[in-house]
Novice: 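Before anything else, here's the structure in question.
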Amino acid sequence: MTKARRRLWITAAAGAVLIIAAALAVTAMRDAMVFFYSPAMVAENPPPPGQRVRVGGLVVAGSVERPASGGANFTVTDGSAEIRILYAGALPDLFREGQGIVAEGAFDEEFRFTASTVLAKHDETYMPPEVARALRESGYWQEEGGDPTPVSSLDGADAAGSSAR
Amino acid sequence: MIAEIGRFLIALALLACVAQTFLSWRGADQGGRSGAARAGAAAAEIAVVAAGFAFLLLIISFVRSDFSIAYVATNSHVDKPLLYKISGTWGGHEGSMLLWCWILVLFGLGLARIGPRDPALRARAVSFQGLLSSLFFAFLAFASNPFERILPAPIQGADLNPILQDPLLAIHPPMLYVGYVGLSAAFAIAAAGLMQKSGGRELAAALRPWALGAWISLTGGIALGAWWAYYELGWGGWWFWDPVENASFMPWLLGAALVHSAIATEKRGAFPGWTVFLALIAYILSILGAFLVRSGVLTSVHAFALDPERGMWILGMLGVSAVAGFALFALRAGSLGEGDGFEPTSREAFIGVNNLLLAVTAGVVLIGTLYPLFVDLMGWPMISVGPPYFDASATPLLIVAAALMPVAAFLPWANGGAKPGLKQMRAAFLLVPVAGAIIAFIAFGAPVLAVVAGGVGAWALCGAAMDVGVHWRAAKARAARFSVMGRALAHAGVGFIALGAAADASRPPDINRALAPGESLVIAGHTLTLEGVRRADGQNYMADRATIRVDGRAAVSPERRYYPGADQTTREVGLRSDWRGDLYVSVGEARLREDGEMVYELRAAYHPLVWMLGFGAFLVVAGGGLALTGRLMSGAPARVRGRSDAPAEAAAPSEAAEARA
């Protein structure tokens, strides 16, 4: 085969694979993209019921309720609003009150949020970036000198959260 | 005192790396045999010894629980078992970075000792490796010092994250890092070759063993991580398309492409530019992975805490490596030359197509991983991209790649010819087991993608078996037999992984239910009866151990542990495995039911054929190891010329002898 024809072959094959991959990626992205809503955003402009979304915030102290049938229900806040989350699965071991978590699921018609996944990681200073941004936007979390909030100010956040209720 | 010595050793290693960079560079200019080149190699030795001692001192500080060192105080505890005191050394950011740096300089020393045969190329590669090491040692010395003191020293440490207190943690990160960091050697050789204007074939031959070694280790590290996640995290998954998993998967995909394209380049001179490009970008994606994991920019179960300073440092290192690598590539790729021609039904062509698929998959994963970050940077509404995206984009591409894989082994190099190849393969016979696997999966009620993946898995297994059957006898020399066997084992491993993944994707739904002692639940035909829960404390934790009888016979004992040092709860999964699959039970919190009974939340799952995933990964590692051994035994690349119909393996010994002469 001549050099030119080989080049043509290679280019054609590469082009075909790239186009297929791009098509796959675009369709998959359109179906699989999940938007994040902070409690304030939900209060202002809630997503349509049934749409898969992520919500997140700090778990309000004392809000965790564990029904006998299994699972757990709890409330998250960003300081200006709250969301009640119903979850039938086993909470992650790293879940705890006062900590930032992210839950994925959907709202029903009565605006209860049923989560299919709860993401949590306890690492003293770790905060899911979505929650951090939501807290910054609600003016609830000031960064001190670039440091992420220490645990003590998380506890403070809880107190403020309960007083906001 | 130890901390100060450790700091000094890190500074010494940094200086040695800088010296290695400049001395070896000068040595390469002088042809690679001069005093400067030898001095560069000596500097590499100093760096290895200094960093090794620093690492040892950090381990000693952990064993002695020296909480005046901040890193020890945040990652250890007096009551922690000795094994976890030692493995905790690389359980956090600073310590794992020190390990990373040490492996970097070890590879630098390796290049200086057993690197490329051409002395100038070798010295140049050592110099580039020195540059890469200097970057990371600077990061360690200036922004991630593991020996930072804390004043006043706390009496007790904050303990290592309990989920990391597992024997696998002792080997999973080191293995993963050897993989990540080992790709730096391929980068260094590729960059050095561009600098020296080496030919594509020589370059591919020089970097292939390093890329293969690193990739084997990366494979093992990822597999151990998946296994650890499966039995330790308690949610029963082994792969979550989590950003941090993707961070290791992208270099893996490119490494897989590299170890194959390097074969085509060294044997046939095919696509030399692509092979060199892959060697450069695979390591760059390793650094990108370090950035994603260590800067905390993405929500992930594995991520380290948010730290903008670290993030900027790693981005800087990423920038320097990428600019250096790509600028060299842009300027010098022309000198790599162009290989002999090949036909569309030749082995090169199939390797090329598989390379394309693997690289495109890496691109698709990259887009899914970085898009949320991009959206955040733009200040748009925050989004996340989860498993559905990857299942719909990366998985089909990988299935196509696995379906093409077995064919390539039967196609001749260069002139191609599908007919003789397929005849050897007796493709029609293979369709029987493949159809059998497909029917079995459909009967099992598997989702469409799993049925396809199961069929492809069976196809790959049959292809690998036939590969050995056909090519074993043709391969006379031991080295050639090693490479045939290695290829077949690794490809069979891919088949097992596809089958295991397909079986796990078609498993029955997990059950999550609160049970009182004496009550039962049924999953996948097994009756699980909760017998009772009692205390079973360990050295540094308190635990509730549930006893669950399976079908009235053997019992499994999942635990729920509380680690007071870290103030954290974890669960230990109860597993009952046989060849059909795993019964997987974890126990959650206790709660009071309305009728006054104490109930325990149980999570039960059945994972059919899940062992195939682990076994498949083992085969890939073992096959890669055999191929590497065969490659090192033959001493030099077996070259195949156009218009020669002899299979590559048969040609290997005479070619090797030629090259030695």
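Residue numbers begin at 1 in each chain, while the letters A, B, ... track the order of the sequences. Values below: all heavy atoms of this structure, side chains included; hydrogens, waters and symmetry mates excluded.
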Novice: Quick check: closest heavy atoms across Ile367(B) and Met29(A), and the distance to 0.1 Å?
Specialist: CG2-CE, 3.9 Å
Novice: Please state whether the side chain, the backbone, both or neither of Glu309(B) comes within less than 4.5 Å of a heavy atom of chain A.
Specialist: neither
Novice: Okay, side chain of Arg591(B), backbone of Pro67(A): is any donor-acceptor separation there less than 3.5 Å?
Specialist: yes
Novice: Among residues 13-26 of chain A, which residues come closer than 4.5 Å to chain B, judged by heavy atom distances?
Specialist: Ala13(A), Ala14(A), Val17(A), Leu18(A), Ala21(A), Leu24(A), Ala25(A)
Novice: Who are the side chain to side chain contact (heavy atoms under 4.5 Å, CB included) partners of Thr569(B), not counting sequence neighbours?
Specialist: Arg560(B), Tyr562(B)
Novice: Less than 4.5 Å to any heavy atom of chain A: does that hold for the side chain of Val599(B), its backbone, both, or neither?
Specialist: side chain
Novice: Please report the shortest heavy-atom distance between Glu601(B) and Gly89(A), naming the atom on each side.
Specialist: OE2-O, 3.8 Å
Novice: If we only count heavy atoms from C-beta on, is the Tyr389(B) to Met33(A) side-chain gap below 4.5 Å?
Specialist: no
Novice: Please look at Phe390(B) and chain A and tell me whether the side chain, the backbone, both or neither of the residue comes under 4.5 angstrom of a heavy atom of that chain.
Specialist: neither
Novice: Quick check: are there more than 12 heavy atoms from other residues, nucleotides or ligands sitting under 6.0 Å from CE of Met598(B)?
Specialist: yes
Novice: Relative to chain A, which segment of Trp274(B) carries a heavy atom at a distance below 4.5 Å: side chain, backbone, both, or neither?
Specialist: neither
Novice: My understanding is that only residues two or more places apart in sequence, or in another chain, count here; which of them pass side chain to side chain donor-acceptor pair (under 3.5 Å) with Glu519(B)?
Specialist: Arg593(B)
Novice: Suppose we screen for side chain to side chain donor-acceptor pair (under 3.5 Å). Which residues come up paired with Arg513(B), at least two apart in sequence or across chains?
Specialist: none
Novice: Counting heavy-atom pairs under 4.5 Å to chain B, which of Val53(A), Val34(A), Leu91(A) comes out on top?
Specialist: Val34(A)
